[in-house]
Amino acid sequence: ADAIAMHPDEMKKKKDLAERSAYFLNRNGETALNMILPYIHPELNLDEQDLLASGMGIGLAKHISTNKVFFSLPRMAPSDINKMHPSRVSTISYQGMDAVENLAAFVSLPDKFTEQDDNGPKTQWKANLLEKIKSQGGDTDIDLATVARRSAYDGQVGMHSVKGRYQVEAVLGDNPATRAEAAAEAEAAAEEKVDLEAAAPKSGLFAELAERTAKKAAAPKSGLFAELAERTAKKAAAPKSG
């Protein structure tokens, strides 16, 4: 068995599988981060009452506030996460989170924990989170827009302006006045909609995210990464029909 494992063909196969997993993990992680950040924008306090006051639905507000430390990870710089006390990290639960939430948290972590990690409790926590993500298919060629999400996200489209208001697709019933009011609010929301990353000063979280994305985009593609990137680009460019 050891001889088979050490065979060059087997070693190359394992290397290719590891590279493929890493490629999709990073790609899906960045997508997940962009999907999650509108709900936990750095301007927002993650306490339930503050989230409700912003216009968020009660189910999602309760979910985020109950798991406040977990949802704080995508808002933090990896260097700050690296400094977190191991007892704090090890108590962060990811078991009840969906694939998008777990990917967004994972991609926000430092590549390696180098502080306050004697005996590796934080490294082990990260490894366990990775295994959870793999069990959810997060390191494969999946479309995150189609994965099962917590029902609390239904009707919630996230923060659409720096004023901290949430756009909610409510069930309006047949009340014409309610519908007219909702239509007016939607029209006003559309007029004030801004691109958060473009409008925000490039410092702190946004700067780090922008820099990380730019570095990945600029990195030379080789081997399996080049093949996967080329395949993804061809899919995106292919004419849509049917």
Side-chain angles (χ1 to χ4, degrees), residues 1-37 70 73-74 76-84 86 89-90 92-95 97-149 208-238:
D2 290 342
I4 294 176
M6 293 299 291
H7 191 280
D9 288 345
E10 285 299 314
M11 292 176 66
K12 182 180 185 303
K13 182 178 179 181
K14 287 184 177 180
K15 181 181 177 182
D16 286 349
L17 287 173
E19 286 187 355
R20 179 183 177 85
S21 175
Y23 172 84
F24 286 121
L25 188 67
N26 285 318
R27 188 201 70 176
N28 295 338
E30 293 298 329
T31 300
L33 193 61
N34 289 329
M35 292 172 68
I36 286 294
L37 277 176
F70 176 91
L73 295 176
M76 297 172 65
S79 56
D80 290 332
I81 299 175
N82 187 41
K83 298 173 185 176
M84 290 177 68
V89 174
S90 61
I92 301 175
S93 176
Y94 47 78
Q95 292 299 336
M97 305 299 168
D98 63 36
V100 173
E101 294 167 336
N102 280 331
L103 278 162
F106 183 83
V107 79
S108 304
L109 302 175
D111 292 336
K112 184 177 181 180
F113 284 108
T114 59
E115 297 185 37
Q116 299 195 70
D117 197 33
D118 295 340
N119 300 319
K122 296 198 291 188
T123 298
Q124 185 59 55
W125 180 87
K126 180 181 179 181
N128 293 342
L129 172 58
L130 176 58
E131 288 305 309
K132 178 65 177 179
I133 290 170
K134 288 182 176 181
S135 75
Q136 296 173 315
D139 67 332
T140 63
D141 189 10
I142 60 173
D143 180 0
L144 290 181
T146 65
V147 302
R149 301 298 312 278
E208 185 145 352
L209 290 175
E211 182 181 359
R212 188 191 314 165
T213 301
K215 283 182 178 178
K216 287 186 178 179
K221 304 295 188 298
S222 61
L224 181 63
F225 281 96
E227 183 181 335
L228 291 170
E230 182 179 357
R231 190 186 311 160
T232 301
K234 284 181 178 179
K235 278 186 181 180

query = Between CE of Met76 and NZ of Lys83, what distance do you get to the nearest 0.5 Å?
reply = 10.0 Å
Gap separating the CG atom of Leu129 from the CG atom of Leu109, nearest 0.5 angstrom = 6.5 Å
key: NZ/NE/NH1/NH2 to OD/OE distance under 4.0 Å, Asp117 and Lys122   = no
Close side-chain approach of Val100 and Thr31, heavy atoms under 4.5 Å = no
ask   = Are any of the side-chain heavy atoms of Phe113 and Ile81 separated by less than 4.5 Å?
value = yes
ask   = Are more than 12 heavy atoms from other residues, nucleotides or ligands located less than 6.0 Å from atom CG of Asp111?
value = no
task = Could you tell me whether the side chains of Gln124 and Asn128 share a donor-acceptor contact shorter than 3.5 Å?
result = yes
request  = Taking the side chain as every heavy atom from C-beta outward, state whether Pro74 and Glu101 have any pair of such atoms under 4.5 Å apart.
outcome  = no
key: Side chain proximity check, Tyr23 to Asp139, heavy atoms < 4.5 angstrom   = no
message = Please enumerate all residues that pass ring pair (Phe, Tyr, Trp, His ring centres under 6.0 Å) together with Phe70, with sequence neighbours excluded.
response = none
key: Gap between atom CG of Asn28 and atom CD1 of Ile142 - 0.5 Å precision   = 5.0 Å
inquiry  = Under a 3.5 Å cutoff, is there a donor and acceptor pairing between the side chains of Asn102 and Gln136?
reply    = yes
query = Out of curiosity, Lys112 NZ to Lys126 NZ, how far, rounded to the nearest 0.5 Å?
reply = 10.5 Å
Ser108 versus Pro78, closest heavy-atom pair with distance = O-CG, 3.4 Å
message = If you define the side chain from C-beta out and look only at heavy atoms, does anything of Leu144 sit under 4.5 Å from Leu103?
response = yes
note = Here the gap from Trp125 atom CH2 to Met84 atom CE, rounded to the nearest 0.5 Å, amounts to 8.0 Å
inquiry  = Which heavy atom of Pro121 sits nearest to which heavy atom of Pro86, and what is that distance?
reply    = CG-CB, 3.6 Å
ask   = Of the non-hydrogen atoms in Gly29 and Val107, which two are nearest, and what is the gap between them?
value = O-CG1, 3.5 Å
remark   = Residues passing the salt bridge (Lys or Arg N to Asp or Glu O under 4.0 Å) test with Asp80, sequence neighbours excluded, are none
ask   = Do Tyr94 and Leu73 have side-chain heavy atoms sitting under 4.5 Å apart?
value = no
message = So that I can tick it off, tell me whether Asp141 and Arg27 are bridged by a salt bridge, with the cut-off set at under 4.0 angstrom between side-chain N and carboxylate O.
response = yes
ask   = Gln95 versus Lys132: any side-chain heavy-atom pair under 4.5 Å?
value = yes
